[in-house]
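This report concerns only the one structure given below.
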Amino acid sequence: MKSSLLGSLNHIHFIGICGTAMGSVAAMLKDQGFHVTGSDQSVYPPMSTFLENKGIPIMEGFSPDHLDPAPDLVVTGNAISRGNEELESVMDQRLFYLSLPETLKFFFLKDSHNLVVSGTHGKTTTTSMLAWIFEATGKNPSYMIGGIPGNFTEGCRHTAGEYWILEGDEYDTAFFDKRSKFLHYLPELLIINNLEFDHADIFNSLDDIKLSFSRLVKIVPRSGMILVNADEPDAIEVTKDAQSPILEIGFSENAGIRITDLKTHASGTSFTLINHRFHLPMFGKHNVHNAAMVIVAAHNYHIPLSEIEKALRDFKGIKRRMEVRAETNGITVIDDFAHHPTAIRETIDAIKARYAGRRLWILFEPRSNTTRRNVFQESLPAALQGADRVVLTQIARADQLKPEERLDINKVLEQIRSLGPEAQLVNDPSQVPDSIRDELKEGDVVAFFSNGSFGGAIEGLIEKL
């Protein structure tokens, strides 16, 4: 197989192949005719089954033996670090290697028209919504989404269509490239949904994050377009040196394109944008803002507003975004990925709008690299105060942090109680079902917030119910 940019390539090997994006890109390269292999220490369904069905062999663990015969290209995931014996062998042999974002750029994005969705919150929902509108209106887009979209069978695919729609992650690229992944995605239309401090393991401050976004803005060509949240000054600030046109979208009176007449219904939310009425089968002001960005983006590509409206009505959302996992004995159990204070607050507001008048339990696991730290010590209690009952767990992997860096979970508990909600602390997430089961009553809504599995507590509670 020939690649005009990368020379003569046939065998491509992925270290850490079972990551969602890694496995998806490996499968796309297999479909392009390359011989693809991979290795990982966590080999289990559904990714292992997906790769097996694609005819991609997976080697368990990491070993220099996996590089015999030597591949023409090695793709390394950002979870792979120096000291990994397979990676060290790559470097000792001076094999050609790339990060996953570079691989996407060279093999797919350089010849396509790319729409990139960025921001601290809402990237997955917004990217999925945009991809669905393009799909529903016959544009046959390629896409990469950091979640499982309800309207598609997979989170990443490559088509013969002109457009790539990508979730632009600000997290770092690889062990050798600490820039944000989205700097490799060659955006021609860029969405900046919002901008707040997050990823405390790689960014020291909000200014560091703003610097990364300002670099992203600078790689949008003059012929491109930037859509930015008109309601967030930090998001607007990073666009100040843009060479491309900018449209500010939001609820603000100063917005170039303004969202108005927001109403909540039993089936979702309606609003007006560009003199057109839209209905979204989702709840929460933040989801309306996500939809507004998508509408303007799609309309920029000459998709009629009536067709956008129809596609939005059929949008099925994202797994683990206000996902109802069970409704039994009058109790609703919800699974949600929210872990940043802003996302927590907005999701609580959306749940309360959907289930008005019902008692709301929020169960929160401080598990992300940022929420385990004390950077959100004051904002977490404020974000959780909208619940009627709050259940916290001990911070995950506390031993990996210095004591002075850790979130003080007992202080969070005290602050929540001072703000009004009843609150309790459960040491082990797996103990949550037993700790709350007898207190639940008909009509309660129980929402689990975590960027992980919550120790199987969701499944455990459903079984007990």
Side-chain angles (χ1 to χ4, degrees), residues 109 112-119 122-147 149-152 155-157 159-168 182 185-194 220-221 223-230 235 244-251 255-262 268-282 285-318 321:
L109 303 182
S112 62
H113 188 101
N114 308 313
L115 294 79
V116 177
V117 178
S118 69
K123 292 187 294 292
T124 302
T125 298
T126 307
T127 309
S128 301
M129 208 180 288
L130 186 57
W132 168 240
I133 289 174
F134 271 57
E135 175 75 2
T137 55
K139 294 192 178 296
N140 192 29
S142 301
Y143 59 80
M144 185 177 70
I145 300 165
N151 294 91
F152 298 100
C156 186
R157 79 171 186 189
T159 72
E162 175 185 0
Y163 301 103
W164 260 94
I165 298 174
L166 302 110
E167 179 172 335
F182 55 37
Y185 292 164
L186 305 177
E188 289 170 86
L189 181 132
L190 171 64
I191 292 175
I192 304 178
N193 249 355
N194 38 60
V220 179
S223 58
M225 173 73 73
I226 298 174
L227 310 181
V228 62
N229 188 337
S244 59
I246 298 169
L247 276 176
E248 297 179 5
I249 303 158
F251 294 93
I257 298 181
R258 191 178 176 201
I259 308 164
T260 60
D261 198 18
L262 179 67
T269 316
S270 63
F271 58 97
T272 298
L273 190 79
I274 319 177
N275 298 317
H276 196 97
R277 194 71 182 160
F278 294 91
H279 180 85
L280 182 67
M282 302 177 76
K285 192 175 179 180
H286 62 299
N287 280 320
V288 170
H289 197 284
N290 294 339
M293 291 296 214
V294 165
I295 292 164
V296 176
H299 196 49
N300 184 63
Y301 290 91
H302 310 294
I303 300 176
L305 293 174
S306 59
E307 293 185 28
I308 297 172
E309 177 194 352
K310 183 178 184 301
L312 274 182
R313 286 180 177 272
D314 295 333
F315 182 61
K316 297 180 181 178
I318 305 293
R321 301 313 191 269

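No hydrogens, no waters, no symmetry mates; every other heavy atom, side chains included, goes into these values. Model, not experiment: these values are computed from the prediction.
Taken to the nearest 0.5 Å, the OG1 atom of Thr125 stands 10.0 Å off from the CD1 atom of Ile145. Leu190 CG to Tyr185 OH: the interatomic distance, rounded to the nearest 0.5 Å, is 13.0 Å. Rounded to the nearest 0.5 Å, atoms OG (Ser128) and OH (Tyr143) are 8.5 Å apart. Here the straight-line distance linking atom CD1 of Ile191 with atom CG of Leu130 works out to 5.5 Å at 0.5 Å rounding. Rounding to the nearest 0.5 Å places CH2 of Trp164 at 8.0 Å from OG1 of Thr159. A distance of 5.0 Å separates CD1 in Ile246 from CD1 in Ile226, rounded to the nearest 0.5 Å.
For the side chain to side chain contact (heavy atoms under 4.5 Å, CB included) test, residues two or more places apart in sequence or in another chain that qualify with Arg277 are Asp261, Lys263, Ser270, Thr272. Remark: Ser112 pairs with Asn114 by the side chain to side chain donor-acceptor pair (under 3.5 Å) rule, at least two apart or across chains. Thr124 is linked by a side chain to side chain donor-acceptor pair (under 3.5 Å) to Glu167, Arg321, counting only residues two or more places apart in sequence or in another chain. When the side chain to side chain contact (heavy atoms under 4.5 Å, CB included) test is applied to Asn194, the partners found at least two apart in sequence or on another chain are Thr120, His121, Asn229, Glu232. By the side chain to side chain donor-acceptor pair (under 3.5 Å) test, His113 is found to be paired with Glu188, Tyr301, residues two or more places apart in sequence or in another chain being considered. Every residue two or more places apart in sequence or in another chain that forms a side chain to side chain contact (heavy atoms under 4.5 Å, CB included) with Glu135 is listed here: Trp132, Asn140, Pro141, Phe152, Arg157.
Defined by atom type and a distance below 3.5 Å, a donor-acceptor pair is present between the side-chain atoms of Thr126 and Asn193. Glu309 and His276 form a side-chain donor-acceptor contact under 3.5 Å, judged by distance and modelled atom types alone.
For Ile192 against Met293, the heavy-atom pair with the smallest separation is O-CE, 3.4 Å. Of all heavy-atom pairs between Ser244 and Met225, the closest is CB-N, 4.3 Å. Closest heavy-atom contact between Gly224 and Pro245: O-CD, 3.1 Å. Considering all non-hydrogen atoms of both residues, Ser118 and Phe182 come closest at CB-CD2, 4.2 Å. Summarising the geometry of Ala136 relative to Ala311, their closest heavy-atom pair is CB-CB, 3.9 Å, with the distance given to 0.1 Å. Pairing each heavy atom of Thr127 with each of Leu166, the nearest pair is CG2-C, 3.8 Å.
Side chains of Leu273 and Arg258 form no contact here, defined as non-hydrogen atoms less than 4.5 Å apart. Taking the side chain as every heavy atom from C-beta outward, Lys139 and Ile303 approach each other to under 4.5 Å. Within the 4.5 Å cutoff, the side chain of His299 has heavy atoms near those of the Ile308 side chain. Side-chain atoms of Leu189 and Val116, non-hydrogen and from C-beta on, never get closer than 4.5 Å to each other. Put simply, the side chain of His279 does not reach to within 4.5 Å of the side chain of Thr269, judged on heavy atoms. Side-chain contact between Ile295 and Phe278: present, with at least one pair of heavy atoms (C-beta onward) separated by less than 4.5 Å. Between Thr260 and Leu262 the shortest side-chain heavy-atom distance does not fall below 4.5 Å. Using a 4.5 Å heavy-atom threshold, the side chains of Leu312 and Ile133 count as touching.
In this structure, Asn151 contributes its side chain and Lys316 its backbone to a donor-acceptor pair below 3.5 Å. Asn290 places no side-chain N or O within 3.5 Å of a backbone atom of Lys285 that could act as its donor or acceptor partner. His289 places a side-chain N or O within 3.5 Å of a backbone atom of Ile249 that can act as its donor or acceptor partner.
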message: Could you go through Leu280 and Met129, starting from their C-alpha distance and side-chain angles, then the distance that decides it, and tell me whether this counts as side-chain contact (heavy atoms from CB on, under 4.5 Å)?
response: CA-CA 11 Å; Leu280 182 67; Met129 208 180 288; 4.2 Å; yes

